[in-house]
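For ligands, and for the atoms within them, numbers begin at 1 and follow the listed sequence.
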Amino acid sequence: MIAKKPPMGWNSWNTFTKDINEKLIFETADKMVEEGLLDAGYEYLVIDDCWSEKERDENGQLVADHVKFPHGMKYVADYVHSKGLKFGMYSCCGLMTCAGYPASFGHEFDDANYFASVGIDLLKYDNCYHPSSPSILSYARMGIALRQTGREIVYSLCNWGNEEVWKWARSVGGHMYRSTGDIMDNFESIKRLSNSQKENLGYSATGCYNDIDMLVTGMSGKGNISRKEGEGCTDGEYRYHFAMWCLFSSPLMIGCDIRNMSPETKALLLNKELIAINQDEDARPPIFIADNHGRPDNTICVKFLADGTYAVGMFNTYDRKVTGILPYYEMGLDPLCGYALEYTDVFTGENLGIRKDFGEFEIEPHDCRVFRARLVKVK
Ligand code: GAL
């Protein structure tokens with residue numbers, strides 16, 4: 001089985017969109033290793049849309065843009081692999097990619113064979129200009145074409161959550177499926193996308209994961225998708241974003257320019273405890289606790305982890321500090337049962353001791369608290 005854990009890596013789209021080239025990809029590959037991202041689990045380097053020429057060659061084959069990738073894509077794949085990374089590329093199930101490049105409709109086998117000959121380990125498969133037949137057919141076509149290559153390729157569906165993709169992504173050979181429209185580099189977008197998936201997480205499981213979209217962590221309004229007035233998030237908002245993606249077992253695809261990460265961005269993306277919560281082999285969806293502030297987009301949740309402990313996430317969408325409360329009876333623990341939780345803060349590593357009846361914690365505005373909690377006997 002591939003994708004035993006939510007795939008982790010970097011994708012070119014959020015920061016660079018069409019402004020990609022061999023030099024950028026090589027530098028990014030180098031940095032993924034030098035900055036410790038590969039060691040932390042970020043193993044896929046994925047080139048998104050805009051990598052090819054605008055026309056196929058005389059044999060109908062996709063060809064790399066001669067200016068951006070003068071040595072072709074196999075050369076790039078070989079370099080990425082030489083760093084110990086895995087390599088991902090992009091196509092689309094329609095007549096053209098979203099940015100107007102050749103796409104794979106009617107060319108599924110040729111393109112899958114081309115991608116396998118390049119040596120890709122992941123294919124992101126988009127949904128623009130798609131035929132009017134049901135999505136499940138378009139995605140099954142490429143699912144079959146990829147399998148016949150004999151190469152292990154993570155199949156990353158990107159139909160933006162249309163046609164309840166969570167119900168059939170696994171059936172067509174998918175390993176991850178975009179469940180939302182495109183993320184933007186602002187807090188509203190982060191909240192909207194993640195809240196929209198709370199009801200669907202029961203479908204996400206080991207081998208095929210709900211992908212709430214790539215991370216905007218660390219972009220700080222500087223990416224090509226975020227060059228609008230007011231874009232960018234605070235460190236607290238990026239914490240909220242990254243931690244929620246971890247608790248929801250979403251793939252973690254970094255979208256910032258990793259050649260220029262701030263210390264805060266680096267610490268967040270490399271937080272071992274959060275990554276362990278994301279990569280937990282059971283990939284269980286969290287229990288959502290009714291919010292004690294009456295605000296439906298505030299989230300308190302508890303994820304059962306494979307080692308018998310729990311991850312507790314408390315997320316504050318208010319513009320002011322709130323006290324996050326975890327009433328134990330709402331996670332199935334009777335306050336009189338003689339057991340309570342002992343909390344360790346995943347950001348500071350501090351053991352916060354045992355809380356009886358409620359875990360009560362202050363949460364900064366637009367920020368979160370996340371704990372690893374252990375059940376202990378208290379009487
Ligand atoms: C969108 C997709 C983005 C990016 C873009 C490329 O449809 O959701 O993640 O791949 O196309 O054009």
Colleague: Non-hydrogen atoms closer than 4.0 Å to ligand 1: which protein residues do they belong to? List them by chain and number, please.
Modeller: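 Answer by chain and number: Trp13, Asp48, Asp49, Tyr90, Cys98, Ala99, Lys124, Asp126, Cys158, Trp160, Arg178, Asp182, Met214.
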Colleague: With sequence neighbours excluded, give me every salt bridge (Lys or Arg N to Asp or Glu O under 4.0 Å) pair touching residues 80-99.
Modeller: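 For residues 80-99, and leaving out neighbouring residues, the salt bridge (Lys or Arg N to Asp or Glu O under 4.0 Å) pairs sorted by first residue read Asp30-Lys83, Glu43-Lys86.
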Colleague: Using a side-chain heavy atom cutoff under 4.5 Å and only I, L, V, M, F, W and Y, what cluster partners does Phe109 have?
Modeller: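 For the cluster that includes Phe109, the remaining residues are Ile144.
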Colleague: Any carboxylate oxygen within less than 4.0 angstrom of a Lys/Arg side-chain nitrogen, looking at Arg239 and Asp367?
Modeller: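 Between Asp367 and Arg239 there is a salt bridge, with a charged N closer than 4.0 Å to a carboxylate O.
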Colleague: With sequence neighbours left out, what residues match Asn11 under side-chain hydrogen bond (donor to acceptor under 3.5 Å, both in side chains)?
Modeller: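 Result, side-chain hydrogen bond (donor to acceptor under 3.5 Å, both in side chains) vs Asn11: Asp48.
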Colleague: Out of the candidates Phe26, Phe87, Tyr44, Tyr75, only one should pair with Val80 under the side-chain contact (heavy atoms from CB on, under 4.5 Å) rule; please name it.
Modeller: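 It is Phe87; the other options fail the test.
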Colleague: Should the pair Lys74-Asp78 be classified as a salt bridge under the 4.0 Å nitrogen-to-oxygen rule?
Modeller: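 Asp78 and Lys74: salt-bridged.
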